[in-house]
Q: 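One structure coming up, written as structure tokens, with questions to follow.
If you're wondering where the values come from, they're calculated on a predicted model, not measured in any experiment.
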Amino acid sequence: MFTYNAPAIRRGVLSSLLLALPALMRAQELPIRFGKLDAKEAAEVLARPAPDSAAAEVLCNFGQSKIQGAQEGFELRFERTARLLIRRRPGYEHATVRVVLYHDPKDGRREQIMQLKGFTYNLAGKELTKEPLRTEAVFSRKLNERLDEYAFTLPNVREGSILEFTYVIRSPFLFNLQDWQFQQEIPVRWSEYRVQIPGFFVYKELSHTYWPFAINETGSAPYTTGYREKVQDSFGGHAGLQERSYSISTQAITRRWVQKDIPAFREEPFLTTETDYLSRVDFELERIQFDPNREPSYVIGTWAQIEKELLEQEEFGQYLKRDSPLADGAAALRTIPDPAARAAAARQLVLQAVGYSGTASLYARNSPKKVLETRQGNAAEINLLLVRVLREAGLEAQPLLLSTRRHGRVQTELPVLSQLNYVAAHVALPGGKQLLLDATDATLPPELLPEHCLNGQGRLLGPAGRWVSLAPAASHLRYTHARLTLDAKGSLQGTVRQEYAGYAATENRQALAALRQQWQKAHPDWQIDKAEATADDLTRPVALTLNARLPGAEAPATTLYVRPVAQLGVPANPFLHADRLYPVDMPTERRLEYMVELTLPEGYAATELPTGTTLTLPNNGGRFIFNVSQPNPRTLTVTGRLHLAKTRYPAEEYQALRELYTRALAKLAEPIVLHRQ
């Protein structure tokens, strides 16, 4: 499905102000002209091989934005024309295009889509048919109180169809200069965006890409526009229907970006959200200055201003001031002398009272009373209630704003509240220490935020508002310890203890029956005779202890090959692709550890043992250690430890990371060879 969203979430690396020293830029030819495709060009397009065997591809995606005069001031005009090729049936979904428009529920102003046209071209022999977009194929729906979606589907699509559409968006919201996304989920042959901004509007430009720009130009051009406004009388009212027209001439900043032959965006393990990686350019209106002799009007505020406004809002700051139904229980916690223990008890009080609805939110939509009556709340309702309970327990607590991993990374130097979508709690402890708390997940110990919250930095509200690191307080550890006895048929029997610690514990904190079933599903060849589990204590790892057997051959063998670690299960290598454009971004450090004590069958001796090895990643990124020792003739001890010591690996370290994982898993699977003496 070919999608264009506006306004887009603001993301990227701050690159420059549009008000840079301009260079004169020559007029450029348009890369596409709507409705001008002929049979010869269509045949050439169809003859070209598909990149990466794609089911569809974007042949050209072209957009232009400019500011123009309008009634009562200025407006944004955005024009877009695109052409796509559908190669195979799975690409049919891209015949539906979605456009998201913004509206202001307070004053009724809204963005409008205009001049929408489209064609489907199909080539039969040397004849090119051209079928227009039908009115009945255009739909609209309200997404939320500020966003509407317009969708249209081009007709008569089949394999080999070339699709083309164009539309214009008029917007009264100057803050919403259209962003542009170059990369799509299908390959893009050519993507171009042009912007023309009169000098009295200054936008911050944020470009973010892992793919090079073929063209990235700044220039200037003469700019003339007119606008109209109603005439006011001496009492401040409008004098009938009279209007006054104005004409403005100045210089405009021109910008042009082009990317070409862009591969389809490919999902990879350990990414946050695709908007953190897609090639794009975004804008934020910074200031307006019509008169160079007067101070400019700044549109982008500061984080302090945003926080102040947020604390005044009914669904956030005022929520903290409402009567708390948990006040009496919170006050009773003041007798706990240790602040960290008291904070944990306050969190437990909230956990017992309210369950999480699964909705990440900055705002509390329901009152504390209703939240407790329904025993369910969104993240803001639960964690703002937690902040209130912490305060009533006598602790210094403040809301902590953050962006979840699926929402994207925060650009801290850009004060825009839409970057944030979640609220947790911050407690100041004696000695300058702190505690980050969340009451949405009862499987986590108090000192750990949910894994989806581990995303860079969070914004602490309150008198000393600042950025707080969301670095994880624990790793993701899976540890296997087995004491096994091998017999002459190759059977293994003994105890297996599987431990999950840190963030691995919360993924596996479940009842014994579920843990046993999960292990059995992952190890279908093993037979479990007995199982015990420790999973209720949040301060300890989840532990599953099994008495288990792995059947061997029907008769004894002269030579035995045993792979004790592999037979206990090793994970697959998550890094499948040979290359990667994007950094590896994991929420936590990861540890995988094995220790197997193997008793050999009577009359057999180990004749071949895997060699010990130590592998390390550059820049202290991690290491793998493997060793096999033989304390006595009938006992072998196999140990393997894989530790990824960073949460973020740049793309240039990907090859080393992938190689480490590949070699580590291969080493863990090497056989021990035994011969009967």
Q: Among residues at least two apart in sequence or on other chains, which ones pass salt bridge (charged side-chain N to carboxylate O under 4.0 Å, His left out) with Glu164?
A: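 Salt bridge (charged side-chain N to carboxylate O under 4.0 Å, His left out) check on Glu164 returns Arg83.
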Q: Within this structure, what is the CD1-CD distance for the pair Ile186 and Glu57, rounded to the nearest 0.5 Å?
A: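 Here the interatomic distance stands at 8.0 Å.
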Q: Which pairs, with at least one residue in residues 654-665 and sequence neighbours excluded, count as a salt bridge (charged side-chain N to carboxylate O under 4.0 Å, His left out)?
A: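 Applying salt bridge (charged side-chain N to carboxylate O under 4.0 Å, His left out) to every pair that reaches into residues 654-665, excluding sequence neighbours, yields nothing.
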Q: Under 4.0 Å between a Lys/Arg side-chain N and an Asp/Glu carboxylate O for Arg406 and Asp276?
A: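 Result for this pair is no, no salt bridge flagged.
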Q: Going by ring-ring contact (aromatic ring centres under 6.0 Å, His included), name the residues that satisfy it together with Phe152, two or more places apart in sequence or in a different chain.
A: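 Residues passing ring-ring contact (aromatic ring centres under 6.0 Å, His included) with Phe152: Phe165.
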Q: Give a yes-or-no answer on whether the side chains of Ser65 and Trp180 include a donor-acceptor pair shorter than 3.5 Å.
A: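 There is no such pair (donor and acceptor under 3.5 Å, judged by atom type) between the side chains of Ser65 and Trp180.
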Q: Check the pair Gln457, Ser469 against side-chain hydrogen bond (donor to acceptor under 3.5 Å, both in side chains), reporting the backbone distance first and the verdict last.
A: CA-CA 5 Å; Gln457 299 184 79; Ser469 172; over 6 Å; no
Q: Between Asn573 and Thr662, do the side chains contain a donor N or O and an acceptor N or O under 3.5 Å apart?
A: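 Asn573 and Thr662 do have a side-chain donor-acceptor pair below 3.5 Å.
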Q: Drop me the distance from Glu447's CD to Leu436's CG, to the nearest 0.5 angstrom.
A: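 With rounding to 0.5 Å, CD (Glu447) is 11.0 Å from CG (Leu436).
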Q: Keeping Thr120 on the side-chain end and Pro155 on the backbone end, is there a donor-acceptor pair under 3.5 Å?
A: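 Yes: the side chain of Thr120 pairs with the backbone of Pro155.
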Q: Have Glu413 and Gln411 got a donor and an acceptor in their side chains that come within less than 3.5 Å?
A: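 Yes, a side-chain donor-acceptor pair sits under 3.5 Å.
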Q: Who pairs with Phe139 by side chain to side chain contact (heavy atoms under 4.5 Å, CB included), at least two apart in sequence or on another chain?
A: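 Partners of Phe139 under the side chain to side chain contact (heavy atoms under 4.5 Å, CB included) test: none.
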Q: With no hydrogens and no angle check, is any side-chain donor or acceptor of Asn378 less than 3.5 Å from a backbone partner on Ala380?
A: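 A pair under 3.5 Å: yes.
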Q: Report the residues that fulfil ring-ring contact (aromatic ring centres under 6.0 Å, His included) with Tyr582, sequence neighbours left out, ordered by chain and then residue number.
A: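 Checked Tyr582 against ring-ring contact (aromatic ring centres under 6.0 Å, His included); matches are Tyr210, Phe265, Tyr277.
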Q: Would you say the side chain of Leu470 lies within less than 4.5 Å of the side chain of Leu402, judging by non-hydrogen atoms?
A: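 A side-chain contact under 4.5 Å exists here.
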Q: What do the steps show when you test Thr545 against Val496 for side chain to side chain contact (heavy atoms under 4.5 Å, CB included), and what is the final call?
A: CA-CA 6 Å; Thr545 303; Val496 179; over 6 Å; no
Q: Where is the tightest heavy-atom contact between Ala645 and Asn620, given as atom of each residue plus distance?
A: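 Reported closest heavy-atom pair: CB-O, 3.7 Å.
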Q: Looking at CG of Leu85 and NE2 of His94, how far apart are the two atoms once the value is rounded to the nearest 0.5 Å?
A: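 So the CG of Leu85 and the NE2 of His94 are separated by 11.5 Å.
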Q: Given 3.5 Å as the limit, does a donor-acceptor pair link the side chain of Tyr356 with the main chain of Thr359, or not?
A: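 Yes, the answer is positive, given that a donor and an acceptor are paired below the 3.5 Å cut-off.
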Q: Who passes side chain to side chain contact (heavy atoms under 4.5 Å, CB included) against Pro472, sequence neighbours left out?
A: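 Partners of Pro472 under the side chain to side chain contact (heavy atoms under 4.5 Å, CB included) test: Leu454, Tyr503, Thr588, Thr647.
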Q: Identify the residue among Gln181, Arg256, Arg280, Gln178 that makes a side chain to side chain contact (heavy atoms under 4.5 Å, CB included) with Tyr193.
A: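 Option passing the side chain to side chain contact (heavy atoms under 4.5 Å, CB included) with Tyr193: Gln178.
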Q: Would you check if Ile672 and Pro610 make a side-chain contact, meaning some heavy-atom pair closer than 4.5 Å?
A: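 In short, these two side chains touch, coming nearer than 4.5 Å.
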Q: Verify whether one side chain among Tyr92 and Ser161 offers a donor that lies under 3.5 Å from an acceptor in the other.
A: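 No pair is found: no donor N or O on one side chain lies under 3.5 Å from an acceptor on the other.
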Q: For His452, give me all partners under ring-ring contact (aromatic ring centres under 6.0 Å, His included), at least two apart in sequence or on another chain.
A: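 Per chain and number, His452 pairs via ring-ring contact (aromatic ring centres under 6.0 Å, His included) with Tyr422.
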Q: Kindly give the heavy-atom pair with the smallest separation between Val423 and Leu401, and that separation in Å.
A: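 Minimum heavy-atom separation between Val423 and Leu401: CG2-CD2, 4.1 Å.
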Q: Should we say atom OH of Tyr150 is surrounded by more than 12 heavy atoms from elsewhere, each under 6.0 Å from it?
A: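 No - once you tally the heavy atoms of other residues, nucleotides and ligands closer than 6.0 Å, there are 12 at most.
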Q: For the residue pair Arg459 and Trp467, would you count it as a cation-pi contact if the rule is NZ or CZ under 6.0 angstrom from the ring centre and within 45 degrees of the ring axis?
A: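 That pair qualifies as a cation-pi contact.
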Q: Taking atom types as modelled and ignoring hydrogens, do the side chains of Gln64 and Glu192 form a donor-acceptor contact shorter than 3.5 angstrom?
A: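 Checked: Gln64/Glu192 side chains show no N/O donor-acceptor pair below 3.5 Å.
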Q: Does the distance from a Lys or Arg side-chain N to an Asp or Glu carboxylate O, for Lys646 and Glu589, drop under 4.0 Å?
A: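 No, Lys646 and Glu589 are not salt-bridged.
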Q: Without hydrogens or angle criteria, can the side chains of Glu597 and His481 be said to hold a donor-acceptor pair below 3.5 Å?
A: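 Checked: Glu597/His481 side chains pair up, N/O donor to acceptor below 3.5 Å.
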Q: Side chains of Arg255 and Thr218: donor-acceptor distance under 3.5 Å anywhere?
A: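 Short answer, yes.
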Q: Looking at side-chain heavy atoms only, is the closest gap between Glu79 and Thr166 below 4.5 Å?
A: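 Sidechains of Thr166 and Glu79: no contact.
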Q: With Phe182 as reference, evaluate Trp257, Phe213, Phe62 under the ring-ring contact (aromatic ring centres under 6.0 Å, His included) test and give the passing residue.
A: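 Single pass found, and it is Phe213.
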Q: Identify, with sequence neighbours excluded, every residue that meets salt bridge (charged side-chain N to carboxylate O under 4.0 Å, His left out) alongside Asp525.
A: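 With sequence neighbours excluded, Asp525 shows a salt bridge (charged side-chain N to carboxylate O under 4.0 Å, His left out) to no residue whatsoever.
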Q: Is a donor from one side chain sitting under 3.5 angstrom from an acceptor on the other, for Asn421 and Thr404?
A: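 Yes, side-chain donor-acceptor contact under 3.5 Å.
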Q: May I ask you to test the Gln567-Val565 pair for a side-chain heavy-atom distance under 4.5 Å?
A: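 No; the side chains remain at least 4.5 Å from each other.
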Q: Give, for atom CD of Glu653 and atom CZ of Arg580, the distance between the pair rounded to the nearest 0.5 Å.
A: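 Here the interatomic distance stands at 12.5 Å.
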Q: Side chains of Val410 and Leu420: does their closest heavy-atom pair fall under 4.5 Å?
A: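 Heavy-atom side-chain distance check passes, below 4.5 Å.
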Q: Examine the side chains of Gln419 and Ser403 and answer whether a donor and an acceptor come within less than 3.5 Å of each other.
A: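 On atom types as modelled, these side chains do not qualify, holding no pair under 3.5 Å.
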Q: Do Thr637 and Val628 have side chains that approach each other closer than 4.5 Å (heavy atoms only, starting at C-beta)?
A: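 Heavy-atom side-chain distance check fails, nothing below 4.5 Å.
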Q: Between the side chains of Gln259 and Thr209, does any donor sit under 3.5 Å from an acceptor?
A: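 Side chains of Gln259 and Thr209: pair found under 3.5 Å.
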Q: Could you work out, with side chain to side chain contact (heavy atoms under 4.5 Å, CB included) as the rule, every residue matching Ala264, not counting sequence neighbours?
A: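 Side chain to side chain contact (heavy atoms under 4.5 Å, CB included) check on Ala264 returns Pro187.
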Q: Give me the ring orientation class for Phe34 and Phe119: parallel if the planes are under 30° apart, tilted from 30 to 60°, perpendicular past 60°.
A: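 Ring orientation of Phe34 relative to Phe119: parallel.
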Q: With sequence neighbours excluded, what pairs up with Tyr661 under the ring-ring contact (aromatic ring centres under 6.0 Å, His included) test?
A: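 Scan of Tyr661 (ring-ring contact (aromatic ring centres under 6.0 Å, His included), adjacent residues dropped) gives Phe575.
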Q: Taking the basic N atoms (NZ, or NE/NH1/NH2) and the acidic carboxylate oxygens, is any pair closer than 4.0 Å for Glu593 and Arg478?
A: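 Salt bridge flag = no for Arg478 with Glu593.
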Q: Can a salt bridge be assigned to the pair Arg98 and Glu149 using a cut-off of 4.0 Å between side-chain N and carboxylate O?
A: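 So Arg98 pairs with Glu149 through a salt bridge.
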Q: Inspect the contact between Asp585 and Arg648 and indicate whether a charged nitrogen and a carboxylate oxygen are less than 4.0 angstrom apart.
A: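 Yes.
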Q: Got a second to check how far His523's NE2 is from Leu568's CG, nearest 0.5 Å?
A: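 His523 atom NE2 to Leu568 atom CG measures 6.0 Å (nearest 0.5 Å).
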Q: Please list, chain by chain and in numerical order, all residues satisfying side chain to side chain contact (heavy atoms under 4.5 Å, CB included) with Ala566, sequence neighbours excluded.
A: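 Testing Ala566 for side chain to side chain contact (heavy atoms under 4.5 Å, CB included), a comparison that skips the adjacent residues, returns Arg563, Ala669.
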Q: Considering only heavy atoms from C-beta outward, does the side chain of Tyr500 approach that of Leu477 to under 4.5 Å?
A: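 No, their side chains stay 4.5 Å or more apart.
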Q: Going through the distances and angles, do Arg48 and Val45 end up as a side chain to side chain contact (heavy atoms under 4.5 Å, CB included)?
A: CA-CA 6 Å; Arg48 288 186 298 193; Val45 167; 3.7 Å; yes
Q: Only counting residues at least two apart or in another chain, list the ones meeting salt bridge (charged side-chain N to carboxylate O under 4.0 Å, His left out) with Glu451.
A: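 For Glu451 there are no salt bridge (charged side-chain N to carboxylate O under 4.0 Å, His left out) partners, ignoring immediate neighbours.
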Q: Can you check whether Ile528 reaches Arg516 side chain to side chain, under 4.5 Å on heavy atoms?
A: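 Heavy-atom side-chain distance check passes, below 4.5 Å.
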